[in-house]
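Here the structure is laid out as structure tokens; the discussion comes afterwards.
Order of listing sets the numbers, starting from 1, for every ligand and every atom in it.
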Amino acid sequence: MRNAEANQPLYLRVASALEELIQTGALRPGERVPSIRRASRQHSVSANTVVEAYLALENRGLIEGRPKSGFFVRPRKIAQQKKAAPAFRQLRSAPVSVASLQSRIFDAARSPDVVPFGAAYPSAKVLPAEKLARITAALARSQSARSISYDMPPGNDALRRQIAKRALDAGTTLSPDEIITTCGATEALALALRAVTKPGDVVAIESPTYFGILQLLEDLRLRALEVPTDPINGLDLAALDKSLRTERVAAVVCVPNCSNPLGATMPDAAKDELATMLRKREIPLVEDDVNGELTHAAARGKVAQAFDRDGWVLLCGSYSKTLAPGYRVGWIAPGRFYERVKTLKLTTTLATPSLTQMAVAEFLANGGYDHHLRSLRGLFVDQLQRSRATVLRSFPAGTRVNNPSGGFVLWIQLPPGTSGLEIHDRALAEGISVAPGNMFSAAPRYTDCLRINCAHPRSAKLEAALAKLGSIAAQRM
Ligand SMILES: Cc1ncc(COP(=O)(O)O)c(C=O)c1O
């Protein structure tokens, strides 16, 4: 919510958010606006408030109700004005050295014979591969020239409009003009860190954290300040606040929704506290929301960026976990660092591949993405619960396993003294890949942990491999 909106009645705030999407072109003339039910979820207001908001917009001639079909953006009589550039918005650090283990995990992921519990990506079998292939092929034929041409930053218009529209579900409003498309979230995170840090700077991160973030810190010669992270509520804000008093922190990287590897989701009040704490200190927050849409709750959590009024959050996302990891379609909304990130994008990959952006945009607009997300979430919940049950049955007594709030990975803590790395080595010799816990920290931590990917359809082979891991763990105690 922006400053000026803070004192408005609720229905006017809802109306302003929608008006912004219409003015910026994220919602175009003739397009359906979110249903009353969806909008009431998006804004956490009653259906009546949404109806009031929609009637206000209808009175202003911006939308129109159509019997039995909902509300639609009204065709414009005058040319739509393009909006002006949006007004913008006792732990110790240590060097990072994690790269070699990571490449072992990804090498194992390349082999079709290895059971893929290691790298955290969904199997193509649970993704809409055929539908995407049809869309991509049709686009390659119908728009062949465009699909092979550069699509210079900020990237595909239709895709940025779709991302802006979906941002409402995450409790925020983004204009397509605030978004730059990227080659996956990995590039978004790299651009964000390059924009706000220089070699030698300290970056505060969750602990344990996604190892790709550690690798980025290593590549950029940044020091990691690891902040304890709770498996349920995420980043420990009291610990972060305390460490900000003793260390000069250049940026914070956080995965507030459905984190990796813990599957934690920060309560919205904590996200507000985090964004406010950092804004006051003028410290950029690199927010990674790749798993936000994979919540196991009825509605997805807000992004911390929703609580940022001054552009200090660089919000990163991608469609690698929900649609197509290999399409490499991601995005960043870098707030006040927009121009810097756009320039850096040019010097890293120049442009994001055109055809896959077009295909993802089309899938989001007309491919039944919400329906797909619902079934994917259901599948992940089911597989995680079944895998948890197998772990509790097959691993040695004293093993603990988390109950993630979203995503598709399990974090297993083995009985004290058991080495995750040793189990990794033994398991790989048996054709099973797992991620040992020490990959998720720059310090020698989580050595008795393992992370298991549960985003592959359950099968007798996978079930047996998980039970086998348990017996390897039992032998190594
Ligand atoms: C938390 C997190 N961020 C970023 C990524 C990388 O995403 P992408 O494949 O879009 O680059 C991953 C992939 O595992 C992840 O788990």
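- Of all the heavy atoms of Asp288, the ones lying under 4.0 Å from any atom of ligand 1 belong exclusively to the side chain.
- Counting only N and O atoms by type, the side chains of Gln305 and Thr172 include a donor and acceptor under 3.5 Å apart.
- The CG atom of Asp177 sits 9.0 Å away from atom CG of Asp157, with the distance rounded to the nearest 0.5 Å.
- Nearest protein neighbour of atom 12 (C) of ligand 1, counting heavy atoms only, is Tyr210 CZ, 3.4 Å.
- Protein heavy atom at the shortest distance from atom 13 (C) of ligand 1 is Lys321 NZ, 2.6 Å.
- Between the side chains of Glu206 and Thr229, no donor-acceptor pair of N or O atoms lies under 3.5 Å.
- Residue, atom and distance of the protein heavy atom nearest to atom 7 (O) of ligand 1 are Ala185 CB, 3.6 Å.
- Every atom of ligand 1 is numbered from 1 in the order shown, and the set under 4.0 Å from a heavy atom of Ser320 is 8 (P), 9 (O), 10 (O).
- Looking at Thr246 and Lys242, their side chains never bring a donor and an acceptor atom within 3.5 Å of each other.
- Aromatic ring orientation, Phe408 versus Phe380: tilted (interplanar angle from 30° to 60°).
- For ligand 1, the atoms lying closer than 4.0 Å to a non-hydrogen atom of Gly184 are 10 (O), 11 (O).
- Short contacts between ligand 1 and Ser318, defined as distances under 4.0 Å to a heavy atom of the residue, involve ligand atoms 10 (O).
- Atoms of ligand 1 lying under 4.0 Å from at least one heavy atom of Arg328, given by number and element, are 8 (P), 9 (O), 10 (O), 11 (O).
- The Ala120 neighbourhood of ligand 1 comprises atoms 14 (O), with distances under 4.0 Å to a heavy atom of that residue.
- No donor-acceptor pair under 3.5 Å is formed between the side chain of Arg328 and the backbone N or O of Thr352.
- Residue contacts with ligand 1: Asn291 is placed with no nitrogen or oxygen under 3.5 Å of a nitrogen or oxygen of the ligand (distance criterion only).
- Looking only at side-chain heavy atoms (C-beta outward), Tyr369 and Pro128 stay at 4.5 Å or farther from each other.
- Atoms of ligand 1 found under 4.0 Å from any heavy atom of Asn260, numbered from 1 in the order shown, are 1 (C), 15 (C), 16 (O).
- Relative to atom 11 (O) of ligand 1, the option among Thr186, Asn257, Leu216, Thr182 with the closest non-hydrogen atom is Thr186.
- If you take CD on Gln162 and CD on Glu362, they are separated by 9.0 Å, rounding to the nearest 0.5 Å.
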